[in-house]
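All values below come from the heavy atoms of this structure, side chains included, with hydrogens, waters and symmetry mates left out. Start at 1 with the first residue, then count along the sequence.
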Amino acid sequence: MDRNQPVSATPIRSGTLRSNKDVTKQRRQVCEHMAGEMIRCTKWERGFNHYLPDFVKPDDEAAAIDALRKEMLLEGDDSNLRFCEYPDDGSKLPDLEKDFFQPLVDICDGLRRLPALSRRQVSCTLEHKSYNYNSAETPGANFKVDGYLKLDQSAMPVPQADVAVADVAVPAEYKRQRTEDTVQENREQLMGTINFCMNDDPRRMYINAVYHSMMTVWYFSRSHSAKSPEFDFTRDPRRYIQIMLALLFATEKELGYDPTIKRQLDTTVPGVSRLCFIYAVGAKAGKVRFFKTLEAIFEHRSLCVTGRATRVWKVVEVGSFDDLQGFGPEMVLKDVWLDKGAKTEGENQAAIFAQLRKIAAQLINSGNDSASAQDTPGILAFKSLDQESKLLLEICLVNKIWDKYFLTVVHDWQGHTSKDTAPEHEVDNRLFEPSTGNLTPATVSRPDLSRSTIFNPIEASSDRPTLVIPSRRYLPKRQYRVVFRDVCEALHDVRRLRDVGTALQDCVFGLQLMFVAGWVHRDISSGNLYARRVGNEVQGILADLEYAKLFEPEPPNSSSDPKTGTAYFMAVEIHKQIPFARTRSKPSVPPSNVVPVKHEAQPTTHVCGVIHNFQHDLESIFWVLLWTMLRRVPLRLPEDSGRHETFMMAAKAEISTIFQDNTAPSIQRENLIVSPIALASLMSRLFHPMLGGITGFLQDFRAILDWNYHNGTSHQDLAKYSEIYPFARTAARACIQADLEGNVPKLRPCRQIPDSTTGQPATKTSLPGPGKRKGGADGGDRNDPDYVPKVARMDSGPNSEFGFRLRSSAS
């Protein structure tokens, strides 16, 4: 290819708080998010060796020692080995870190020259380029790495001017001076680098890292992360040799690279060269299928390495890793890590559909008369709904068209499973806190601060509050890939408010289908609600069912749920893990335009914690609506233009207290559920003037949530949940109506949402929770400006039957 020809990447939409900033400015936050994910091994045997490639034999070690002796790199007998460049007395040692650690390159080169080790070939090289930046496919790679093992066979199909992050197989951080400050700084540097590598590269399943002072080796995976025992490599060369042999001669898969994903240079379009990923989606009926990425729809950009690491791509099927000519329609591929043993999206969807088929059969057998149908749980849930919902659901169930509200699975596959925890380990939530004990000094402790990159002393301060991290099980994660037929748009990328409202209305209906089937979603967010365009119409799609589960609130199956979902949209009870009833004594006031219908009291079995229920899913819809109005629609500016800048700074600060990627919700966020005054004040001050028709419906939506939280009875009271759906539905309809009747501006694409810390438009996206790779050029507005959706009635009439009866405006 012509080297002067520009090469583009698969369009990438990067997002979340981390991806909008340079790595160096977020290292401390990465450490805070990783604090609860770490374990510490105090031994090598039955300890950290569990995480290293296990192929180095005693004969290999002996051969390596003999070879280094012959090259004058190692001296002493087997009981007193010493690297020649690191004498016991510390004489002749250079002052600078880069010079002090440079002999390690010669030592590793000597190991590389060994004949094939256990029938293996060397796979990487130790390099020291501590003053060089790295090239990456996503923004924020302003970090420098002291040293790294670089892949001999580059993962990049096109040569890079700088070291490609994709080729940094094992990063290393060095420090000669061992103090509390330098240990803390080095760990933060290491964590920032690891976080970026795991986020930037879809091929990373896990990664090892090395930290030098008292040397430690680290392991980071989607399940958990581990730290090895410390040792002084200058006094224990044998341990150093064992570790480096295991890494230098490891296969790419043993170094954490996924062999079922490959970067390629796509030249199938004449005159265009672009980087893409080829995904292999495992064998079904004896055939592996291959898919080429065209554009990212959703991608993991978290401050924490642990988790699902969800990536969603627009793809087309191709023949193989090397045959890149696409065929067939464009589809969607989702790549995610699930807990080992957890149900997959395909399995959960099949179970929901099976239950809906049973309910449909009961309705058909009863002559579409639900009143005469047998009172199974599904029929009871159906009977508890308002009249409009019953009518819509009956049409859907009898005609068996529920699948239109969910993604259609074409092909799925389960792949690699991450390692379990080492047999002997200790959970350590304080690895990233300043040490309070005496540190073991390194052999040589002359300082070198030439590469200190603490940009903001406040961010790196040890005075920050310590997070309270609950203990948890570290379950292995299993790779899961699923291909969907439907190419959709995430809700946060939809540009017209009427289309957002239409999609939300359909998604609320999808949640009602799940309610009738007895399932909770547990992960509602702007990235899990999709819009599919069918001709000139918009269809809402409810996606991401990995966390969905059968709602079983009573023993023996009941248990409090862990926090699941995206913090921006998570229900307050789930976020706090404390029920509202325990935090507030005053009864809440019902919505102003409804008359409460008293529910029959039912016995309640007490279960500690919070069980994720149907109301929590609907509260997430409330937060999606509010986030859309505050972050994607321009705010209401004061008439005095001289106050605009001050107003915008204050408004962004206020909004950032409501939508945070934190371990617990702010009091300001909680108040928006429990206080009508707080929500009314926020909307009147910040909502765009054209959104006035929405405020009353949002206030009623809030009020029904608040009322049920504080006045609900047992989890088995289905009417408690069924009465909320109409309020969510009418709030979505209000969005449609406001856009049709008023001059509501086009919604800002997420990449144009101003960063809350700088006030400037984000260079990429500003998405909540797990974020995205950059989207391709828009190519203009894909929405038909003349399209007018079918608008459902804005009220449910005076005879609606959903627990609260609507009052007429004259009453």
Side-chain angles (χ1 to χ4, degrees), residues 44 48-74 81 83-86 98 101-130 134 145-156 163-174 190 193-194 197 201 203-212 215-220 226 228 231 233-234 236-259 419:
W44 292 93
F48 197 83
N49 283 347
H50 173 73
Y51 300 106
L52 292 172
D54 183 22
F55 61 84
V56 180
K57 305 293 189 294
D59 289 346
D60 298 326
E61 182 185 322
I65 289 172
D66 288 343
L68 293 180
R69 280 183 179 136
K70 289 176 183 178
E71 295 193 29
M72 306 297 291
L73 296 170
L74 189 68
L81 292 174
F83 289 125
C84 296
E85 293 294 328
Y86 299 100
K98 68 182 185 68
F101 290 104
Q102 186 61 31
L104 297 180
V105 174
D106 297 330
I107 292 167
C108 287
D109 285 346
L111 296 176
R112 280 174 48 84
R113 288 189 286 271
L114 289 169
L117 190 74
S118 297
R119 298 183 179 179
R120 292 165 171 259
Q121 298 298 319
V122 69
S123 62
C124 46
T125 304
L126 178 63
E127 291 191 356
H128 286 178
K129 294 184 178 179
S130 58
N134 308 282
V145 184
D146 287 321
Y148 46 84
L149 293 183
K150 180 185 176 184
L151 292 179
D152 287 347
Q153 186 71 37
S154 176
M156 302 298 295
V163 176
V165 169
D167 289 340
V168 177
V170 180
E173 287 291 342
Y174 299 151
L190 189 68
T193 300
I194 291 298
C197 289
D201 189 352
R203 296 189 66 213
R204 302 277 190 170
M205 301 184 293
Y206 58 88
I207 191 170
N208 289 104
V210 175
Y211 162 63
H212 276 285
M215 183 174 173
T216 52
V217 188
W218 301 66
Y219 166 86
F220 300 90
S228 78
F231 71 99
F233 76 94
T234 67
D236 191 357
R238 186 182 298 275
R239 179 67 63 187
Y240 182 83
I241 291 168
Q242 291 169 347
I243 292 168
M244 297 315 296
L245 286 176
L247 297 175
L248 289 168
F249 287 85
T251 64
E252 286 192 10
K253 183 177 181 180
E254 289 169 331
L255 290 170
Y257 290 92
D258 189 339
K419 290 180 181 288

Taking side chain as C-beta onward, heavy atoms only, is [X] less than 4.5 Å from [Y]?
{"X": "Q153", "Y": "E252", "value": "yes"}
{"X": "T125", "Y": "D109", "value": "yes"}
{"X": "S123", "Y": "D152", "value": "no"}
{"X": "M205", "Y": "P259", "value": "yes"}
{"X": "P171", "Y": "I207", "value": "yes"}
{"X": "Y148", "Y": "V163", "value": "yes"}

Side-chain donor/acceptor of [X] to backbone N/O of [Y], under 3.5 Å:
{"X": "N208", "Y": "W218", "answer": "yes"}
{"X": "K419", "Y": "H50", "answer": "yes"}
{"X": "R203", "Y": "G256", "answer": "no"}
{"X": "Y257", "Y": "A166", "answer": "yes"}

Rounded to the nearest 0.5 Å, what separates atom [atom1] in [X] from atom [atom2] in [Y]?
{"X": "L245", "Y": "F55", "atom1": "CG", "atom2": "CZ", "result": "7.5 Å"}
{"X": "C108", "Y": "R113", "atom1": "SG", "atom2": "CZ", "result": "10.5 Å"}
{"X": "L52", "Y": "I243", "atom1": "CG", "atom2": "CD1", "result": "6.5 Å"}
{"X": "Q102", "Y": "I107", "atom1": "CD", "atom2": "CD1", "result": "10.5 Å"}
{"X": "M215", "Y": "T234", "atom1": "CE", "atom2": "OG1", "result": "11.5 Å"}
{"X": "L73", "Y": "E85", "atom1": "CG", "atom2": "CD", "result": "8.0 Å"}

* Asked: Which class fits the ring pair F83 and Y86: parallel under 30°, tilted 30 to 60°, perpendicular over 60°?
  ->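 Rings of F83 and Y86: perpendicular, as their planes differ by over 60°.
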* When L68 is tested against each of L81, I241, L114 for side-chain contact (heavy atoms from CB on, under 4.5 Å), which residue passes? ->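 The option that passes is I241.
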* **Qualifying residue, where the test is side-chain contact (heavy atoms from CB on, under 4.5 Å) with M244 and the options are L104, V56, V170, L149** =>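 In the set L104, V56, V170, L149, the residue that makes a side-chain contact (heavy atoms from CB on, under 4.5 Å) with M244 is L149.
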Mind listing the closest non-hydrogen atom pair of [X] and [Y] along with its distance?
{"X": "F231", "Y": "W44", "result": "CD2-CZ2, 3.8 Å"}
{"X": "A169", "Y": "R204", "result": "O-NH1, 3.7 Å"}
{"X": "D146", "Y": "Y174", "result": "OD2-N, 2.7 Å"}
{"X": "A226", "Y": "Y51", "result": "CB-CE1, 3.5 Å"}
{"X": "Y206", "Y": "K253", "result": "OH-O, 3.0 Å"}
{"X": "L255", "Y": "L151", "result": "CD1-CD2, 4.1 Å"}

* **Contacts of D106 that satisfy side-chain hydrogen bond (donor to acceptor under 3.5 Å, both in side chains) - sequence neighbours left out** =>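 Testing D106 for side-chain hydrogen bond (donor to acceptor under 3.5 Å, both in side chains), a comparison that skips the adjacent residues, returns none.
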* Enumerate the residue pairs fulfilling salt bridge (charged side-chain N to carboxylate O under 4.0 Å, His left out) with a member in residues 52-62, sequence neighbours excluded, ordered by first and then second residue. =>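 Output for this query lists E61-R238.
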* Asked: Got more than 12 heavy atoms from elsewhere within 6.0 Å of CD, E71?
  ->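 Atom CD in E71 is crowded, with more than 12 foreign heavy atoms closer than 6.0 Å.
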